[in-house]
K.L.:
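Structure incoming, see below.
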Amino acid sequence: MTPFARNVYKTVLSIPIGEVRSYKWVAKKAGSPRAYRAVGTILKKNPWPLIIPCHRVVKSDNDRGGYIFGAKTKKLLLESEREISRCIANKE
DNA sequence: CAAACTATTCAGC
DNA sequence: GCTGAATAGTTTG
């Protein structure tokens with residue numbers, strides 16, 4: 001556990017449901033805008049892959065990047081969360 | 001401490 | 001649109 005990783009986890013956890021942020025965005029929030037690679041490494045080796053919404057962190061604006069459970073799982077998760085957020089917005 | 005690796009991003013053709 | 005190079009932090013020896 002490193003200070004930078006801590007910031008990354010906190011930033012990722014602060015991403016709202018249905019929203020996606022790029023590694024660069026997370027890295028910038030963590031304090032090192034050029035450490036987007038490090039963010040990926042951290043998330044990959046992160047101790048709590050299940051409680052960290054690493055699926056909300058994507059590559060650039062179009063690609064989804066990778067995921068511990070598989071990129072396809074990440075895509076499904078993203079779509080599911082998008083639906084959830086829509087329900088919340090409609091006060092269902 | 002140093003070397004290697006990485007779920008990325010930018011620049012050039 | 002695709003290929004190659006660069007950056008910064010983590011992990012392992």
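All chains are named by letter (A, B, ...) in the order of the sequence lines, taking the proteins before the strands, and each is independently numbered beginning at 1.
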K.L.:
Taking a pair as Watson-Crick (N1 to N3 plus N6-O4 or O6-N4) or G-U wobble (N1-O2 and O6-N3), both under 3.5 Å, which stems of 3 or more consecutive pairs involve DNA chain C?
P.N.:
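Counting only runs of 3 or more consecutive pairs, the stems involving DNA chain C are B:1-6 with C:8-13, B:8-13 with C:1-6.
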K.L.:
Do A:I52 and A:V58 sit in the same hydrophobic cluster, where Ile, Leu, Val, Met, Phe, Trp and Tyr count as joined when their side-chain heavy atoms come under 4.5 Å apart?
P.N.:
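Each belongs to a different hydrophobic cluster.
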K.L.:
Quick one: side chains of residues 27-50 of chain A, donor-acceptor pairs under 3.5 Å with protein atoms, not counting sequence neighbours, listed by atom name and distance.
P.N.:
{"from": "A:T41", "atom 1": "OG1", "to": "A:R37", "atom 2": "O", "distance (Å)": "3.0"}
{"from": "A:N46", "atom 1": "OD1", "to": "A:W48", "atom 2": "N", "distance (Å)": "2.8"}
{"from": "A:N46", "atom 1": "ND2", "to": "A:L43", "atom 2": "O", "distance (Å)": "2.5"}

K.L.:
Show the atom names and distances, to 0.1 Å, of all donor-acceptor pairs under 3.5 Å that link a side chain in residues 67-80 of chain A to residues at least two apart or in another chain.
P.N.:
{"from": "A:T73", "atom 1": "OG1", "to": "A:F69", "atom 2": "O", "distance (Å)": "3.0"}
{"from": "A:K74", "atom 1": "NZ", "to": "A:V57", "atom 2": "O", "distance (Å)": "2.4"}
{"from": "A:K74", "atom 1": "NZ", "to": "A:R64", "atom 2": "O", "distance (Å)": "2.7"}
{"from": "A:K74", "atom 1": "NZ", "to": "A:G66", "atom 2": "O", "distance (Å)": "3.1"}
{"from": "A:S80", "atom 1": "OG", "to": "A:L76", "atom 2": "O", "distance (Å)": "2.9"}

K.L.:
Nearest 0.5 Å please: distance from the OG atom of A:S85 over to the CG atom of A:N90.
P.N.:
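Going from OG on A:S85 over to CG on A:N90, the span is 9.5 Å.
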K.L.:
First and last nucleotide of DNA chain C touching chain A, 5' to 3', heavy-atom cut-off 4.0 Å?
P.N.:
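The footprint of chain A covers C:dA6 to C:dT11.
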K.L.:
What does the B/S/- profile of nucleotides 4-13 of chain B look like, 5' to 3', with a 4.0 Å heavy-atom cutoff to protein?
P.N.:
--BBBBS---
K.L.:
Write down the atom of A:M1, the atom of A:A5, and the distance for their closest heavy-atom approach.
P.N.:
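Taking A:M1 first and A:A5 second, the nearest heavy atoms are SD-CB, 4.4 Å.
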K.L.:
Less than 4.5 Å apart, any side-chain heavy atom of A:R6 and any of A:T2?
P.N.:
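They are not in side-chain contact.
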K.L.:
Output a table of donor-acceptor pairs, distance under 3.5 Å, between side-chain atoms of residues 12-21 of chain A and any protein atom two or more places apart or on a different chain; print 'none' if there are none.
P.N.:
{"from": "A:S14", "atom 1": "OG", "to": "A:T11", "atom 2": "O", "distance (Å)": "2.5"}

